[in-house]
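Everything on this sheet refers to the single structure shown next.
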Amino acid sequence: MTNFKSVFEQYDWDTIQTKIYQTTTIEVEQALAKTKRNLDDFLALISPAAQPYLEQMAQISHELTKKRFGKTIQMYAPLYLSNECQNICTYCGFSMDNKIKRKTLTESEITLEVEALKKAGFDHVLLVTGEANYTVNINYFLKSVTQIKNDFSTISVEVQPLSTEEYKQLHQAGVYSVLVYQETYHRDVYKQYHTKGKKSNFDFRLETPDRVGTAGIHKIGLGVLLGLEDWRTDSFFNALHLDYLQKTYWKTKYTVSFPRLRPAEGVIQPNFIMDDKDLTQLICAYRLWNEDLEISISTRENEKFRNNIIPLGTTSMSAGSKTNPGGYVVDPQSLEQFEISDERSASEIAALISSQGYEPVWKDWDKTFSQIS
């Protein structure tokens with residue numbers, strides 16, 4: 001069976017990088033003139049040559065998003081269940097070599113955190129953990145999902161890569177979407193950042209979305225950690241991955257996120273700086289390339305950026321986020337995975353969205369609809 005690894009191996013990082021940086025203004029204008037765009041057009045739109053066309057890209061991105069998704073922004077919140085981790089990743093506060101207090105939420109502590117999120121109005125939740133196979137494993141995930149599945153319309157997870165059978169179990173338990181980030185598609189650089197643990201296996205992580213797709217999960221989320229490598233080249237490979245997945249698992253929905261490297265306990269400084277203008281260009285390029293792609297903006301980004309990006313392609317935003325287990329009420333001082341930048345509350349973000357003529361959506365579907373034959 002063909003998987004993304006076989007597609008990925010047909011491409012060379014240096015060749016793609018050279019092509020991006022040698023893109024001409026004529027190629028950018030040709031891409032902008034189209035109504036349907038392919039990966040070559042995406043490559044042109046993320047190139048330095050496209051920077052002078054950002055205003056035009058933003059206008060098209062706004063219109064395409066409004067046509068496909070309306071003027072709505074889905075609200076969600078992350079719920080960190082554990083900071084235990086058996087990997088050493090040089091950019092992450094949860095890295096095993098950081099000598100900090102580890103915490104995994106108990107059933108009663110999860111209840112308290114859920115109550116806080118529900119009180120804030122959230123109906124979409126993203127469960128997040130470190131990668132600790134012995135304690136935070138499929139049994140823990142299934143137990144946690146079963147516990148909270150009646151509290152939320154959709155449950156997403158961002159946890160360690162699992163087997164196809166384990167993803168099927170999560171799907172049956174009520175998980176709606178799975179987020180998995182390759183971090184960087186540069187194989188050699190990946191090794192430098194992931195020095196120990198299961199995550200150091202580049203190929204196993206690369207093939208994870210195939211296992212998620214095979215398991216029938218409703219939605220898959222991809223992204224790269226912006227700052228580890230050249231963002232333009234990494235983003236091309238992320239788009240290549242999405243393109244393959246959409247053609248292979250065509251019943252599945254897809255979303256992309258843009259985590260920029262943020263300060264955290266014991267982490268490195270970014271190798272590559274990506275400023276707000278660059279990120280705006282990337283978001284618009286994704287929308288021009290793929291009208292159906294959901295685009296998520298987290299609280300990693302600062303207030304000013306999040307204020308301005310709402311009309312330019314965004315479909316979902318987190319708010320009032322805590323990136324540490326128990327961060328909402330149980331244990332606010334536990335180690336966070338990274339510092340958030342936008343610390344405004346959920347109600348403040350909802351008011352911001354409304355002030356721009358958009359509707360903050362807390363709940364956009366109900367499980368009973370999917371049960372109607």
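Just so you know, these numbers come straight off a predicted model, no measurement behind them. These numbers come from the heavy atoms of this one structure, side chains and all, not from hydrogens, waters or symmetry mates.
- Annotation for Arg232 and Ser47: closest pair NE-C, 3.7 Å, computed over non-hydrogen atoms.
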Salt bridge (charged side-chain N to carboxylate O under 4.0 Å, His left out) evaluation trace for Glu131 with Arg205: CA-CA 12 Å; Glu131 300 189 10; Arg205 195 167 191 89; 3.2 Å; yes

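- A salt bridge between Asp210 and Lys5 is absent, with no side-chain N of the basic residue lying under 4.0 Å from a carboxylate O of the acidic one.
- Using modelled atom types, one finds no donor on one side chain facing an acceptor on the other under 3.5 Å when comparing Ser82 with Thr129.
- Considering only heavy atoms from C-beta on, Asn238 stays 4.5 Å or farther from Tyr181 through its side chain.
- No side-chain donor-acceptor contact under 3.5 Å links His241 to the backbone of Phe237.
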Identify every side-chain donor-acceptor pair in residues 344-354 under 3.5 Å, counting partners at least two apart or on other chains, and give the distances.
{"unit_1": "Arg344", "atom_1": "NE", "unit_2": "Asp342", "atom_2": "OD1", "d": "2.9"}
{"unit_1": "Arg344", "atom_1": "NE", "unit_2": "Asp342", "atom_2": "OD2", "d": "3.4"}
{"unit_1": "Arg344", "atom_1": "NH1", "unit_2": "Asn307", "atom_2": "OD1", "d": "2.9"}
{"unit_1": "Arg344", "atom_1": "NH2", "unit_2": "Asn307", "atom_2": "OD1", "d": "3.0"}
{"unit_1": "Arg344", "atom_1": "NH2", "unit_2": "Asp342", "atom_2": "OD2", "d": "2.7"}
{"unit_1": "Ser345", "atom_1": "OG", "unit_2": "Ser347", "atom_2": "OG", "d": "3.0"}
{"unit_1": "Ser345", "atom_1": "OG", "unit_2": "Glu348", "atom_2": "N", "d": "3.2"}
{"unit_1": "Ser345", "atom_1": "OG", "unit_2": "Glu348", "atom_2": "OE1", "d": "3.2"}
{"unit_1": "Glu348", "atom_1": "OE1", "unit_2": "Ser345", "atom_2": "N", "d": "2.8"}
{"unit_1": "Ser354", "atom_1": "OG", "unit_2": "Ala350", "atom_2": "O", "d": "3.1"}

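- No hydrogens or angles considered: a donor-acceptor pair under 3.5 Å links the side chains of Thr233 and Asp230.
- In this structure, Lys71 does not pair ionically with Glu359, as no charged nitrogen and carboxylate oxygen lie closer than 4.0 Å.
- A donor-acceptor contact under 3.5 angstrom links the side chains of Ser316 and Ser296, judged on distance only.
- At distances below 3.5 Å, not a single donor-acceptor pair connects side-chain atoms of Thr195 with backbone N or O atoms of Gln192.
- Taking the charged nitrogens against the carboxylate oxygens, Lys322 and Glu113 have no contact shorter than 4.0 Å, which rules out a salt bridge.
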Pair Phe258-Leu282, side chain to side chain contact (heavy atoms under 4.5 Å, CB included): steps then yes or no: CA-CA 9 Å; Phe258 306 91; Leu282 179 59; 3.7 Å; yes

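- Taking each heavy atom of Pro78 and Tyr328 in turn, the nearest pair found is O-OH, 2.6 Å.
- Looking only at atom types and distance, the side chain of Gln147 has no donor-acceptor partner in the side chain of Ser144 under 3.5 Å away.
- Side chain to side chain, Glu84 and Thr135 meet the donor-acceptor criterion of an N or O pair below 3.5 Å.
- Of all the heavy atoms in Glu109 and Thr104, the pair that sits closest is OE1-O, 4.0 Å.
- Counting only N and O atoms by type, the side chains of Asp123 and Tyr76 include no donor and acceptor under 3.5 Å apart.
- Pairs of residues two or more places apart, or lying in two chains, that qualify as ring pair (Phe, Tyr, Trp, His ring centres under 6.0 Å) and include a residue from residues 21-58 are Phe42-Tyr286, Phe42-Trp289.
- Side-chain atoms of Gln59 and Glu63 form no donor-acceptor pair, as typed in the model, at a separation below 3.5 Å.
- Residues Leu32 and Arg37 come closest through the heavy atom pair O-NH2, 3.2 Å.
- Taking the ring-ring contact (aromatic ring centres under 6.0 Å, His included) definition, one finds that His186 meets it with Trp13, sequence neighbours left out.
- Phe236 and Tyr11 have tilted rings, their planes meeting at an angle from 30° to 60° on a 0 to 90° scale.
- Of all heavy-atom pairs spanning Glu107 and Lys143, the tightest one is OE1-CE, 3.6 Å.
- Side-chain contact of Ser341 with Arg300: a donor-acceptor pair under 3.5 Å is absent, judged by distance alone.
- Ring pair Phe202/Phe8 is tilted by interplanar angle, where 30° to 60° counts as tilted.
- Asn290 and Gln246 form a side-chain donor-acceptor contact under 3.5 Å, judged by distance and modelled atom types alone.
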Full working for side chain to side chain contact (heavy atoms under 4.5 Å, CB included) between Asp276 and Asp278: CA-CA 5 Å; Asp276 288 355; Asp278 292 334; over 6 Å; no

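- Judged by distance alone, with hydrogens and angles left aside, the side-chain atoms of Asn133 form no donor-acceptor pair with the main-chain N or O of Val136 at under 3.5 Å.
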